[in-house]
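Just so you know, these numbers use all the heavy atoms, side chains as well, and skip hydrogens, waters and symmetry mates.
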Amino acid sequence: MKAYVMRSLNRAKLLWGYLRRRPVLEALPVEYIVETTAKCNLYCPMCPRESLPQPKEDMPEHIFERLVRESAATAEHMMLIGLGEPFLDPKIFDRIDYCHRYGIATLLSTNGTLLTLDVAERILASPLEHITLSFDGSTKESFEFYRKGANFEKVRENFVRLAHMKHERGAKLQIVVQMVRMERNAGEVEDFLRFWRAVPGVDSVRVKEDETNLLRPEAARPASAANRPCHYLWRGPMYVKHNGDVYACCQSYMLGGKPVGRIGEQSLDAIWNAKEMQRMRRLHAAGRAGEIDICSRCCIAIPHPLLVVGSLTVHGRWVRRALPLVERMAGRLFTPARADGAPKDLVQIER
């Protein structure tokens with residue numbers, strides 16, 4: 001009960017700060033993206049790691065544990081993802097358990113190449129609440145073009161097996177199968193939806209736009225197009241690299257921004273209210289986000305303020321579960337604008 005009250009109070013303070021557009025917040029983010037490993041076993045042309053070379057390193061335990069301890073009273077969700085494949089982190093299940101010990105829900109996504117029967121068993125025995133299965137295509141040709149080093153049939157078999165095991169055991173794990181729509185797989189959407197919607201154990205099937213735009217740099221959206229302050233700056237998630245560097249958001253790192261602090265060198269409160277964070281909030285609140293280099297090149301959807309308010313009134317766990325429905329029904333309230341002013345399509349199917 002105490003943890004519930006603390007987190008509810010934290011969200012209320014964030015909501016007040018967002019509504020008042022305050023640059024200094026008296027609360028901490030509800031979500032974090034935590035890169036527990038920078039290692040990956042695939043080459044994907046649309047992945048930022050191809051333009052931002054990554055070391056073959058995991059996050060040290062002392063950095064991860066300090067982050068969890070400092071955020072324990074306020075964090076509701078940690079996404080244990082980044083520019084690496086989570087199952088290359090030998091301590092990934094220990095980290096899931098550590099978060100659970102502090103009442104923090106966990107999420108991760110995987111390319112499926114390491115999703116063996118043993119790993120599937122461990123997933124279902126763990127307190128992991130949500131997993132995204134990344135499967136970029138419904139044909140061998142498109143999938144293996146975007147996921148170089150992966151085998152179409154093997155990965156699909158791994159994903160289907162996990163879903164069946166979850167279904168047979170009545171496990172609560174939320175499974176989302178996701179495809180990023182790009183040039184070579186754009187014509188495969190209906191086949192993708194048809195196949196994965198029929199797999200027992202899959203909770204939702206998602207087709208989303210390519211938010212990195214590494215394959216379409218001309219599609220970058222001016223930050224001023226939506227003319228809304230970015231929710232990341234008041235709600236999170238902040239992005240924590242494997243070495244402890246903290247960025248305002250995942251896009252800040254991907255677009256070449258600088259860290260606003262480092263775990264272990266400053267407190268989370270000092271990082272969350274660093275001078276650069278305050279500057280970004282002021283400019284967003286004034287409708288001048290386009291003056292921030294990384295924001296001017298960002299293509300992430302900025303939701304309508306009403307959706308941000310809603311996301312700060314309930315626990316992050318329910319926000320995650322409601323997201324598919326929100327994306328389906330919110331339409332233009334959530335959909336990002338393209339540079340040419342036309343809205344991007346976003347397909348979201350909820351089982």
Side-chain angles (χ1 to χ4, degrees), residues 35 37-56 79 81-88 108-116 119-120 131-163 175-199 202 204-221 250-251 253-256 297-301 327 336 338-339 342 344-349:
E35 184 183 82
T37 182
K39 298 181 298 191
C40 191
N41 57 345
L42 298 184
Y43 163 72
C44 304
M46 68 289 192
C47 179
R49 68 180 293 118
E50 305 311 328
S51 57
L52 298 167
Q54 303 295 305
K56 296 180 179 180
M79 292 165 270
I81 55 180
L83 292 185
E85 162 56 40
F87 292 118
L88 281 172
L108 57 77
S109 66
T110 177
N111 62 34
T113 56
L114 304 175
L115 194 52
T116 62
V119 171
I131 187 168
T132 296
L133 310 179
S134 298
F135 201 77
D136 292 323
S138 62
T139 65
K140 184 178 180 69
E141 292 72 25
S142 62
F143 174 84
E144 293 185 3
F145 174 82
Y146 289 120
R147 297 280 174 171
K148 289 181 170 60
N151 177 272
F152 175 79
E153 292 85 2
K154 185 61 177 177
V155 172
R156 185 170 67 177
E157 176 188 338
N158 290 347
F159 285 168
V160 170
R161 180 176 56 210
L162 174 65
I175 296 181
V176 174
V177 182
Q178 177 176 286
M179 180 177 88
V180 177
R181 179 164 46 194
M182 293 167 285
E183 183 178 1
R184 287 178 178 249
N185 64 16
E188 302 172 8
V189 169
E190 291 305 318
D191 288 341
F192 177 84
L193 296 174
R194 189 180 303 110
F195 179 88
W196 289 106
R197 288 169 67 186
V199 177
V202 172
S204 62
V205 185
R206 189 183 194 201
V207 179
K208 59 175 288 188
E209 297 298 332
D210 176 15
E211 294 175 339
T212 68
N213 280 332
L214 289 178
L215 300 179
R216 302 180 306 142
E218 74 284 352
R221 173 185 57 84
C250 59
Q251 289 298 301
Y253 175 75
M254 311 303 178
L255 293 170
R297 295 182 285 119
C298 180
C299 292
I300 293 293
E327 288 185 335
R338 288 205 312 258
K344 286 183 179 178
D345 293 328
L346 184 67
V347 179
Q348 181 77 47
I349 303 297

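Of the residues Leu133, Ile81, Val155, the one that meets the side chain to side chain contact (heavy atoms under 4.5 Å, CB included) test with Thr110 is Leu133. Each of Ile131, Leu114, Asn111, Leu108 was scored for a side chain to side chain contact (heavy atoms under 4.5 Å, CB included) with Pro86, with one residue passing: Leu108.
In this structure, the side chain of Arg147 does not engage the main chain of Leu42 through any donor-acceptor pair within 3.5 Å. Formation of a donor-acceptor pair under 3.5 Å by the Lys208 side chain with backbone atoms of Val180 is not found in this model. The main-chain N or O of Phe152 is found under 3.5 Å from a side-chain atom of Glu144 such that the two form a donor-acceptor pair. Checked by atom type and distance alone, the side chain of Asp191 never pairs as donor or acceptor with a backbone atom of Ser138 at under 3.5 Å. Judged purely by atom type and a 3.5 angstrom limit, Arg49 uses its side chain to pair as donor or acceptor with the backbone of Ala38.
Taking the ring-ring contact (aromatic ring centres under 6.0 Å, His included) definition, one finds that Phe195 meets it with nothing, sequence neighbours left out.
Residues Glu85 and Thr37 fail the side-chain proximity criterion, which asks for heavy atoms closer than 4.5 Å. The shortest side-chain heavy-atom distance between Leu83 and Cys40 does not fall under the 4.5 Å cut-off. Residues Asp136 and Gln178 fail the side-chain proximity criterion, which asks for heavy atoms closer than 4.5 Å. Inter-residue side-chain proximity for Ile175 and Phe159 is flagged as unmet; no heavy-atom pair is nearer than 4.5 Å.
Atom NZ of Lys148 is surrounded by more than 12 heavy atoms from other residues, nucleotides or ligands within 6.0 Å. Taking a 6.0 Å sphere around CZ of Arg184, one finds it holds 12 or fewer heavy atoms contributed by other residues, nucleotides or ligands.
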Original post:
Going through the checks in order, is the side chain to side chain contact (heavy atoms under 4.5 Å, CB included) test met by Tyr146 and Met179?
Top reply: CA-CA 11 Å; Tyr146 289 120; Met179 180 177 88; over 6 Å; no
**OP:** Show the numbers, then the answer: is there a side chain to side chain contact (heavy atoms under 4.5 Å, CB included) between Met46 and Met182?
**Re:** CA-CA 9 Å; Met46 68 289 192; Met182 293 167 285; 3.7 Å; yes
**OP:** Show your working on salt bridge (charged side-chain N to carboxylate O under 4.0 Å, His left out) between Glu209 and Arg181 and close with a plain yes or no.
**Re:** CA-CA 5 Å; Glu209 297 298 332; Arg181 179 164 46 194; 2.8 Å; yes
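Between the side chains of Glu188 and Ser142, at least one donor N or O sits under 3.5 Å from an acceptor N or O.
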